[in-house]
Amino acid sequence: MSRNAAVADRLDEMADRLEATDVAYKPRAYRQAADNIRGHTVAVETLAEDGVDGVKQIDRVGDAIAQKVIEYLDTGRIEELEELREELPVDIEAITRVAGIGPKTAADLYEALGIEDLDDLEAAAEAGEIQTVKGFGATTEQNILDGIDFARESHQRELLGDARPLADRLLGSLREFDVVDAADTAGSLRRWRPTVGDVDLLAASDDSETVVEQFTDLDGEIIEAGTSKASLRVDGLRVDLRVVATEEWGSALQYFTGSRDHNIVVRNRALDTGLKVNEYGIFDVADVDDPDAGQCVGSRVAGETERSMYESLGLDHVPPELREDHGEIDAAAAGDLPTLIEEGELRGDLHLHTDASDGQNSVAELIAAAEAFGYEYLAVTDHATGSGMVGGVGVDDDDLLALAETVRDAARDTDLRVFTGVEANIGEDGSVSVDDDVLAELDCVVASPHAALDGDGTERLVAAVEHPEVNVLGHPTGRLLNRRSGLDIDMERLAETAVANDTALEINANPSRLDLRGDYVKQAVEIGATLAIDTDAHQPSSLDLARFGVHTARRGWAEADDVLNTRDADGVADFLDV
DNA sequence: GCCGTTTTCGGCCCGACTGTTTTCAGTCG
C-alpha cells in the first residue's frame, strides 16, 4: 500500500505543531508538501529508492522535507516530530477537529488546563473551566460542547457521492429565493474531487443579508452567520454559503472554485500583464501607483462571468474539473484545452449486475431500467466465482453459460442491444478466474481485482489486460475511498499494454471507488488508451451514478472519443469483437 | 521550509467572521 497518505499525515501534524509553537511560514510549507505527497500518483517508497532527489520530484518538497520522508519510511518515525510531540503532548489532530479550535488554541488550553485530548476538553468544558482561561469566555465554552461530538465522529473527508446530492438539494432551494440571481457550487465539489471537506455554495444577490437569513432558515444547525456568508451543519456535513454582488458573480465563482494552485497560476499570469485578479474582478492596474491599495483599484476589465475572467487573461475558459494546476493554463493559452466528455454522451453501460450474482434485479428488470434511462445497450456482467468472492456470490462456469442464454432470450424482447458477459476475478498471479472456453462464449469480459488489494499490482493487471478474452479492466486499483488505497500501479505501462491489446480501462463510477482516478485517467488518455465509464450498478437506481464517472473522466482530460461507451452499439460490438 | 524568465535571499494570499479584545488574534476557507 502506498504510504503517501501516512507520510502526508505526519507532515500535516508537523505543520500543526509548528504553528502551535508560533513558527512562521514553515507550517504552510509542510502543508503544501503534505498535500502534494498525498495526491502524487507515484508511491513515495518508490521515489525514495532514488534517495532525496527522488522524493524531491514532488512539487514543494525540498531537501529538508525529503529527508524527513525518507527517515519516516526507514524508521517509522520522524525525530523532529517526536520532539514536538514531547514539547506539546496533545492529540492535536483530534482537538483541532473541533470547529473554531486551531493549533494555537490547542496549545493555550494545554498550557492553562493540561488538556491533551477530546475527553479532557469535554470534561473541562462541562466543568466550566474553559471560560476561566484568559482569552476564553462562556460562548467559546458552549461552542466547544456543541462541536465535540461532531469532532469525534468526523475525521474523514466526505464522499463526493454524499455531498453532491445535498448540494443539489440546497442549490434548488437557493435558486428559488426571489433575491437570488444565480447560485452554484464552488470549491472541490464543483471540481468534482472524489472527496470534499465541506459543501461550498455561492449565490449572487444584491441583498446578501436576506439570502443569509433565508438560507439559515432552510435546514440544519447554524455554525456561523454574518452579512455575506453563513455556515451550517446539514446531514452531518458542513455547508458554507457565500453571497456576492451580481456583477462580481463570475470573479467570485472563479476565485472560490480554486484550486488554490490553479488560482495562483492565474494570478501570476495576470500580474505579468499589469492586471490584478481577486474575488471582485480583474483590474487593470498598469497605471496605478499602488495596486495593493485596495480590493478594487484600477479599472475593472472583467468579473461578471467566469468566461470573461479567463478571456481577459487571454485564456480559453477552463472547465472546473481541470483547475488543479496540471498544465491547464498553458493549454488554455495555446487553445489546446480538450473538448471534455459531457454528461449525456454515454450510450450504454458495460458493467452491471443482476440477481444471478449480488445484484437486486432480474435480467429483464435491468434491461427495462437501462431502456428507461435512455441507453442504447448494456452488458450483463455478473460476478464469476473466484478469489474475493465470499458467501457464494459468484456464478460458476456452467451457470455463466446458462445466464448468457437467459440474457439472449431477454434481449429478444427489447430494442436495446444486450451483450452477454461476466465480471471475472483477477487472481494474485494475474490469472482470470473463468475458463477460457467459457470466456470465448461471452461478448463482454470485465476482469477486476477483488482480493489482495495492496502492494504493486502492475504485473498482475498487465497480465489480465493481455488476456485475449478480456475486454475491460474493471476498477483497476480496487481502491475504496476512505477505506483502502488499493493497488499501486505503473499507469504508463498499464495504459501502453491496454492500447496494444485493445482492452478498455474502466472508470468505475461508483462514488465509493471512482477508479481509475482522474490523474491516472489523464496518463491513460495521453497514451491513447480507451476508457469505459461504467456504474457497476447492482440496482437500477445506481445507473444515475454514471455522472460521477463522467466527471472523473473530465478530471482526466478525457474527450468523448476516448470513451468506449460513447460509441453506438455497433461501435462497441466492433471493439468487443462480436 | 520552499522557491526563483525581474531574486540563491527575501519574500511567502487575504478577507470574513467570531469572540474576546478596548484595537485584535485566531480560525477558516
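Proteins get letters first, then strands, A, B, ... in listed order; numbering begins at 1 in each.
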- Write down the distance between CZ (A/Arg233) and C1' (B/dC28), rounded to a whole number of angstrom. 13 Å
- Which part of the nucleic acid, if any, lies within contact of A/Pro27, taking any heavy atom under 4.0 Å across all strands shown: a base, the sugar-phosphate backbone alone, or nothing? nothing
- Query: With respect to the side chain of A/Tyr255, which nucleotide from B/dC13, B/dT20, B/dG1 is positioned closest?
  - Reply: B/dC13
- Picking from B/dG1, B/dC17, B/dC13, the nucleotide nearest the side-chain atoms of A/Ile65 would be B/dG1
- Which one, B/dC28, B/dG1, B/dC13, comes nearest to the side chain of A/Arg238? B/dC28
- Query: Can you say whether the rings of A/Tyr310 and A/His262 are parallel (under 30°), tilted (30 to 60°) or perpendicular (over 60°)?
  - Reply: tilted
- Between A/Thr105 and A/Lys68, whichever has its closest DNA chain B nucleotide further toward 5' is A/Lys68
- Message: For A/Asp519, is there an ion pair with A/Lys522 - N to carboxylate O distance below 4.0 angstrom?
- Response: no
- Mind checking who B/dT8 pairs with, Watson-Crick or G-U wobble, both distances under 3.5 Å? none
- Query: Across the strands shown, which category fits A/Tyr30 at heavy-atom distances under 4.0 angstrom: base, sugar-phosphate, nothing?
  - Reply: sugar-phosphate
- Task: Pick base, sugar-phosphate or nothing for A/Ser228, based on heavy-atom distances below 4.0 Å to the nucleic acid.
- Result: sugar-phosphate
- Thinking salt bridges, do A/Glu324 and A/Arg555 make one under a 4.0 Å N-O criterion? yes
- Choosing from B/dG26, B/dA16, B/dG19, which nucleotide comes nearest the side chain of A/Lys104? B/dG26
- Task: Indicate, with a heavy-atom threshold strictly under 4.0 Å, whether A/Ala33 touches base, sugar-phosphate, or nothing.
- Result: nothing
- Query: Whole Å only: how far is the CG atom of A/Asp261 from the C1' atom of B/dC12?
  - Reply: 14 Å
- Item | Selected nucleotide, minimal atom distance to A/Asp200 side chain, candidates B/dG29, B/dC2, B/dC17 | B/dG29
- If you look at every strand shown and take non-hydrogen atoms under 4.0 Å, does A/Arg28 touch a base, only sugar-phosphate, or nothing? base
- Message: Please classify the nucleic acid contact of A/Asn263 as base, sugar-phosphate, or nothing, using heavy-atom distances under 4.0 Å.
- Response: nothing
- What's the CG-C1' distance between A/Asp240 and B/dT27, to the nearest Å? 12 Å
- Stacking between A/Phe136 and the base of B/dT20 (centre distance under 5.5 Å, interplanar angle under 30°)? no
- Is the shortest distance from a Lys or Arg side-chain nitrogen in A/Arg31 or A/Glu19 to a carboxylate oxygen in the other one below 4.0 Å? yes
- Query: At under 4.0 Å between heavy atoms, what does A/Ile264 touch on the DNA or RNA strands: base, sugar-phosphate, or nothing?
  - Reply: nothing
- Task: Classify the nucleic acid contact of A/Ala107 as base, sugar-phosphate or nothing, counting any heavy atom under 4.0 Å across all strands shown.
- Result: nothing
- Query: Does the cation-pi check pass for A/Arg233 over A/Phe150, that is, NZ or CZ under 6.0 Å from the six-membered ring centre and within 45° of its axis?
  - Reply: yes
- Note on the structure: DNA chain B nearest-nucleotide lookup for A/Leu18 and A/Thr96: closer to the 5′ end is A/Leu18
